[in-house]
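What follows is one structure encoded as structure tokens, with my remarks underneath.
Heavy-atom basis, side chains included; hydrogens, waters and symmetry copies ignored. Counting starts at 1 for both ligands and their atoms, following the listed order.
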Amino acid sequence: MKTVIHWFRRDLRVSDNTALSEAGRRAERVIPVFIFEEAFRTGPDVGAARLAFLLQSVEALRKELAELGHTLVIRCGKSEEILPELAKAAGASAVFANKRYEPYAQHRDERITSTLLNAGVGFELFKDAVVWEETEILTQAGNPYTVFTPYSKAWKAKPVPAPRPGFGIQHPASSIPHLHSDTLPASDEIGHPLTQKIPPGGERAALELLRHFLAGPVYEYGTHRDFPALDGGSSLSPHLCAGTIGIRTILAGLKKAKAKTGNAEAVKSCETFLSELIWREFYTQVLRNFPHVTQGAFRPEYNRLAWSNNQEHFAAWCAGRTGYPIVDAAMRCLNAAGTMHNRLRMVVAMFLAKDLLISWQWGERYFMRQLVDGDLAANNGGWQWSAGTGTDAAPYFRIFNPVSQAEKFDAGGKFVRRWLPELKDFPDDLIQQPWENPLLLAKSGYPHRIVLHEEQRVKCLAMFKAVKKT
Ligand SMILES: Cc1cc2nc3c(=O)[nH]c(=O)nc-3n(C[C@H](O)[C@H](O)[C@H](O)COP(=O)(O)OP(=O)(O)OC[C@H]3O[C@@H](n4cnc5c(N)ncnc54)[C@H](O)[C@@H]3O)c2cc1C
């Protein structure tokens with residue numbers, strides 16, 4: 001092949017990038033392209049944090065490609081129109097890209113395949129974001145897995161591929177003078193002003209995070225990961241979502257880190273981290289095999305749940321003013337930083353669905369708009385798990401008590417104190433249930449509980465049982 005366009009989507013990196021690496025191997029000349037589509041700013045799930053992270057990562061990619069002697073062609077508009085036009089202008093015989101698994105992206109790619117074909121241009125898609133995709137790990141009966149543990153066992157039984165060969169200076173420069181580039185908009189220019197403090201985007205930032213995590217924190221991941229104040233996670237999720245790091249690079253690093261330690265607990269921690277990465281793959285294959293999860297419950301009978309959908313309660317949950325400190329601290333962290341600890345995502349999601357009796361879909365959408373790592377598959381999976389409506393979900397009668405969760409995972413309230421300064425005068429033993437000291441509560445300005453957990457628990461069980469009966 002003489003000339004190939006590599007279309008960057010959620011793979012904003014030059015290393016361990018399957019389609020880019022293949023383009024470099026098979027074509028004489030590669031034209032790197034990024035298209036800022038209308039959906040980036042108008043879709044119902046668009047959020048400033050994710051958008052700003054994406055824009056930063058594209059800018060970092062542009063610089064990195066420039067250092068390698070390549071010009072990233074940036075265009076704003078419709079991929080269906082831009083790609084055939086660019087292919088014609090550059091004399092490209094094919095467009096390469098890495099696969100996406102969201103239903104809307106699948107439909108768009110189908111349309112693009114025929115548009116490009118009509119223009120005599122090939123469109124090749126490569127598996128890249130995950131190690132194993134939807135049909136590669138099936139049950140003995142040939143069906144997709146809907147339970148995590150056996151899926152994970154089957155995943156681990158397969159060999160893990162090495163990172164893809166890098167793309168770089170050895171590949172001939174792509175600049176073609178007549179291909180103009182648009183300027184990327186800033187997120188506030190297009191109606192999404194960034195108010196959250198988000199981490200830096202780009203491949204270098206991702207590789208530095210990975211290096212730091214694997215040099216030490218990974219060995220304590222198993223014991224630290226559940227405690228929000230300890231921040232024991234890798235913080236790689238925004239990068240995995242934007243594709244500023246390749247999954248095979250993480251797995252290769254993890255394998256090395258595991259081999260370096262002789263400590264049994266540290267080895268176990270590495271295995272726990274691997275399990276979390278497999279959850280990501282599990283939910284990606286759920287999304288691809290059961291796309292109806294984007295429209296409603298994985299188990300359709302749960303679409304009949306009679307949610308209360310109380311607007312005031314929802315507003316209090318969003319603003320972090322429910323009167324339950326662990327829920328409120330987590331939500332204020334989300335609103336301010338575009339992120340939330342995994343344990344707290346489960347706590348607030350379960351609280352919305354099972355204490356406030358508000359549809360998990362409202363929470364799912366709010367998360368997508370706020371999170372810097374918003375990912376359709378993982379977010380939907382996490383919400384349906386918490387609400388008890390999904391694959392391998394927490395059973396409906398498993399309802400987290402927000403106070404016992406807080407006392408177990410934030411004893412003394414170190415995390416809560418960080419986000420709820422109005423509770424500073426409460427002693428450690430009352431910080432998670434300030435209503436126990438009504439005088440101090442009144443003085444603090446912190447809200448009263450908007451619901452009573454024990455009462456709501458009973459209502460929630462009745463709501464689920466009503467569906468089960470029919
Ligand atoms: C209600 C709810 C909503 C969620 N929404 C998202 C989301 O939009 N995007 C997202 O990436 N994750 C989501 N998660 C999963 C998880 O909370 C985050 O991946 C994690 O908190 C990110 O922090 P980390 O990078 O430090 O993770 P680590 O603990 O370091 O884990 C490593 C990586 O594994 C993956 N991972 C970890 N846990 C899960 C999981 N339960 N499901 C799928 N992948 C996982 C992530 O890619 C993560 O970066 C959600 C979980 C819940 C309960």
When the aromatic ring centroids of Phe397 and Phe464 are compared, is their separation below 6.0 Å? no

To the nearest 0.5 angstrom, please state how far the CH2 atom of Trp132 sits from the CD atom of Glu281. 9.5 Å

Does only the side chain of Trp385 get under 4.0 Å from ligand 1, or the backbone, or both, or neither? Count heavy atoms. neither

Nearest-neighbour protein heavy atom for atom 5 (N) of ligand 1, which is reported as residue plus atom name and distance: Asn379 OD1, 3.1 Å

Considering heavy atoms of the protein only, find what lies nearest to atom 9 (N) of ligand 1 and give residue, atom and distance to 0.1 Å. Asp373 O, 2.8 Å

For a salt bridge (Lys or Arg N to Asp or Glu O under 4.0 Å) check, start with the C-alpha distance between Arg417 and Asp428, then their side-chain angles and the critical distance, and finish with the verdict. CA-CA 10 Å; Arg417 288 178 197 282; Asp428 287 1; 2.9 Å; yes

Is NZ or CZ of Arg332 both nearer than 6.0 Å to the six-membered ring centre of Trp419 and within 45° of the ring axis? no

Test item, Gly381 contacting ligand 1 (heavy atom, 4.0 angstrom): no

When you look at NZ of Lys127, are more than 12 heavy atoms from neighbouring residues, nucleotides or ligands closer to it than 6.0 Å? yes

Atom 8 (O) of ligand 1 sits nearest the protein heavy atom Asp375 N, 3.0 Å

Mind checking whether Phe273 contacts ligand 1 via backbone (N, CA, C, O), side chain (CB onward), both or neither, at a 4.0 Å heavy-atom cut-off? side chain

N/O to N/O below 3.5 Å, does that happen between Leu236 and ligand 1? yes

Residue and atom name of the nearest protein heavy atom (relative to atom 36 (N) of ligand 1), distance in Å to one decimal: Glu276 O, 3.4 Å

Heavy-atom side-chain contact between Thr391 and Phe282 under 4.5 Å: yes

Please write down residue, atom name and distance for the protein heavy atom closest to atom 33 (C) of ligand 1. Leu277 CD2, 3.7 Å

Identify which of Gln370, His239, Met346, Gln384 has a heavy atom lying nearest to atom 53 (C) of ligand 1. Met346

Return the option from Asn342, Val218, Leu371 holding the heavy atom at the smallest distance from atom 41 (N) of ligand 1. Asn342

Which residue is it: Tyr151, Tyr283, Phe273? I am looking for the one with a side-chain contact (heavy atoms from CB on, under 4.5 Å) to Ile278. Tyr151

Got the closest protein heavy atom to atom 48 (C) of ligand 1, with its distance? Ser237 CB, 4.1 Å

So the atoms of ligand 1 within less than 4.0 Å of a heavy atom of Tyr283 turn out to be 42 (N), 43 (C)

The closest protein heavy-atom partner of atom 13 (C) of ligand 1 is Arg345 NH1, 3.4 Å

Geometric N/O contact Ser235 with ligand 1, under 3.5 angstrom: yes

Closest heavy-atom pair and its distance - Phe415, Ala330: CE2-N, 3.9 Å

Nearest non-hydrogen atom to atom 31 (O) of ligand 1 belongs to which of Phe282, Trp279, Tyr221? Tyr221

Quick look: Phe213 vs ligand 1, heavy-atom contacts under 4.0 Å, and the answer is neither

Looking at Lys156, I'd like to know if its NZ atom is crowded, meaning that more than 12 non-hydrogen atoms belonging to other residues, nucleotides or ligands lie closer than 6.0 Å. yes

Option among Ser234, Pro217, Ser235 that satisfies the side-chain contact (heavy atoms from CB on, under 4.5 Å) test with His212: Pro217

Interfacing atoms of ligand 1 (cut-off 4.0 Å, heavy-atom, Gly233): 26 (O), 30 (O)

Assess, by modelled atom type and distance only, whether the side chains of Tyr101 and Glu133 contain a donor and an acceptor separated by less than 3.5 Å. yes

Please check if the number of heavy atoms outside Lys158 that lie under 6.0 Å from its NZ is greater than 12. yes

d(Phe351 CZ, Gln456 CD) to nearest 0.5 Å is 8.0 Å

Numbered in order shown, the ligand 1 atoms found under 4.0 Å of a heavy atom of Leu240 are 47 (O), 49 (O)

Which protein non-hydrogen atom lies closest to atom 12 (N) of ligand 1, naming both residue and atom, and how far is it? Ala378 CB, 3.5 Å

Which of the numbered atoms in ligand 1 are below 4.0 angstrom from a heavy atom of Gly374? 8 (O)

